[in-house]
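Below: one structure, written as structure tokens.
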2 protein chains.
Amino acid sequence: MSDTTTPSLPEEIAARLRDRITGGILRPGQHLSEAVLAADMQVSRNTLREVFRLLTREGLLTHLPNRGVSVAVPSMGAILDIYRVRRLIELPALANARPRHPAIARMSEAVDDARAAREAGDWQGVGSANMQFHAGIVALTDSPRLTAFFAQLTAELRLAFGLIDDAQELHAPFIETNQDLLHRLVAGDTQGAAEHLASYLDRSERLVLEAFARIEMR
Amino acid sequence: MSDTTTPSLPEEIAARLRDRITGGILRPGQHLSEAVLAADMQVSRNTLREVFRLLTREGLLTHLPNRGVSVAVPSMGAILDIYRVRRLIELPALANARPRHPAIARMSEAVDDARAAREAGDWQGVGSANMQFHAGIVALTDSPRLTAFFAQLTAELRLAFGLIDDAQELHAPFIETNQDLLHRLVAGDTQGAAEHLASYLDRSERLVLEAFARIEMR
DNA sequence: TCACATTTATTGTTCAACAATCCGCGCCGA
DNA sequence: TCGGCGCGGATTGTTGAACAATAAATGTGA
């Protein structure tokens, strides 16, 4: 945000690895060998270790002493916790929003992106756009700390999404919901928008938990 | 939390450095040389760099590419943001608390510790205990993510406290307030406790901002 | 089959080296 | 005198290799 310079190499590698994880290329539980991943990423082991620390603190990786790191496996407890925190943050953010806040443009963009991704059959993209939409909601608070914290939650949540096969059912139904929510917001009906969001979060959480339960039992 | 084994060396160094920063031994704005600090901490430069990444992400250090790290200097904007987030988290935490939650014991301990520290004239200790008290409030939510996030806010806030000379005036008046708040909580008056907390946060924020303004103008 | 020693692979940490970048200093010309 | 210019020197960024420490895998004997 305050740094316009190119992000340092470890940050860059962290971003790439983050994409691989949330993109589902690296499955939860999978062990990551320092040597092979360093060779794969074309960086030294030392640099990669810095990256590991970063992502571990973000909750994307799990570190066991002397046994290396592996992709974190989301638990039901984690999902419940994340949705609880989302409610705590997003609902007041929306309820107290100024109706002409710049972040609204980002939310509007996100809705468009989601539509485009749906047309293209890119369900992964729909998920990304949806998360962008909610990041916009948090941006309404103008709080850098909340924004950063939420980004972390988002990353962790996408880990869980990756486990669910039919991502289609997960995000697609909410595009129209988001559109509607956005309309209410620009119309100044923050209260109605917040109520809408509350029911969205309930439905989304249930969907994730159900899909998760189906998976955990095999 | 989940790790009962001894924390790895970088974590340990990070903790030590964190203490030095929040303890005021390292002043905000002070530049930290990798070479001398590595020698001082008796660790290699590589290990220290991992630590730097950690604390940078926590907001305690500022990293400028090719110019190394220095202790972060808190800004008024940061303080405002932190208190806003604190309200967002702490008020609902208290309002929705179960009156016999285990975290209440921690809060009670914190009050006692604060008293003991005040007797001993250890104002630094009063500050620590006060923060422990508020960490207890957050613990009422049973949310590991909120707890971790709050710990981060706390560390950053103590950075600002360190700049203020008379830490005495900063925390001491709130010992009785906390005690009172605790009584209301165990009595089941969560609403009253929350209102109490709200006024506490207002006063505390004002005190910090005023002291901060006095300092910034020289 | 089980318990135990041994080997092997991986991680944890250090060290030394070199490239890249920034900072201060002296030089030079106007 | 003053302001640009280039040049070292110091610090950071990154790498590679080395070795110790630990855990997993393997083999051995009863």
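Every chain is numbered from 1 and lettered A, B, ... according to where its sequence line falls, protein lines coming before strand lines.
Rounded to whole Å, the distance from CZ on F52(B) to C1' on dG13(D) is 13 Å. Atom CD1 in I13(B) sits roughly 13 Å away from atom C1' in dT14(C) (whole-Å rounding). For the pair R49(A) CZ and dT15(D) P, the interatomic distance rounds to 15 Å; values are reported in whole Å. Taking atom CD of residue E34(B) and atom C1' of nucleotide dT21(C), one finds them 13 Å apart after rounding to whole Å. Whole-Å rounding puts the E50(A) CD to dT15(D) C1' distance at 12 Å. As rounded to whole Å, 15 Å separates atom P of dG13(D) from atom CD of E12(A). One can place CG of L48(A) at 15 Å from P of dT10(C), the figure rounded to the nearest angstrom. With rounding to whole Å, L37(A) atom CG is found 14 Å from dT11(C) atom C1'.
The closest donor-acceptor contact from the side chain of S204(A) to the backbone of Y200(A) lies at 3.5 Å or more, if one exists at all.
Across dT13(C), dT14(C), dT12(D), the shortest atom-to-atom separation from the side chain of V43(B) is found for dT14(C). In the set dT13(C), dT11(C), dT14(D), the nucleotide with an atom closest to the side chain of S33(A) is dT11(C).
In this model, the phosphate group of dC23(C) is not approached by any side-chain N or O of H31(B) to a distance below 4.0 Å at OP1 or OP2. One finds a side-chain N or O of T47(B) lying less than 4.0 angstrom from the OP1 or OP2 phosphate oxygen of dT14(C).
Using a 4.0 Å heavy-atom criterion, one finds that L32(B) contacts the sugar-phosphate atoms exclusively.
When each of N46(A) and V69(A) is assigned the nucleotide of DNA chain C bearing its nearest heavy atom, the one mapping closer to the 5' terminus is V69(A).
Using a 4.0 Å cut-off between charged nitrogen and carboxylate oxygen, R20(A) and D40(A) count as a salt-bridge pair. Taking the charged nitrogens against the carboxylate oxygens, D81(A) and R84(A) do have a contact shorter than 4.0 Å, which makes a salt bridge.
Atom-to-atom distance recorded for L37(B):CG and L48(B):CG is 5.0 Å, nearest 0.5 angstrom.
E205(B) meets the salt bridge (charged side-chain N to carboxylate O under 4.0 Å, His left out) test with R87(B); sequence neighbours excluded.
With F52(B) as the aromatic partner, R49(B) does not meet the cation-pi criteria of under 6.0 angstrom to the ring centre and within 45 degrees of the ring axis. Taking the centre and axis of the six-membered ring of Y83(A), the NZ or CZ atom of R86(A) falls inside the cone set by 45° and 6.0 Å.
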Checklist outcome for this item: Heavy-atom contacts, protein to nucleotides 18-25 of chain D, under 4.0 Å, summarised as B (base), S (sugar-phosphate only) or - (none) per nt, yield B---SSS-
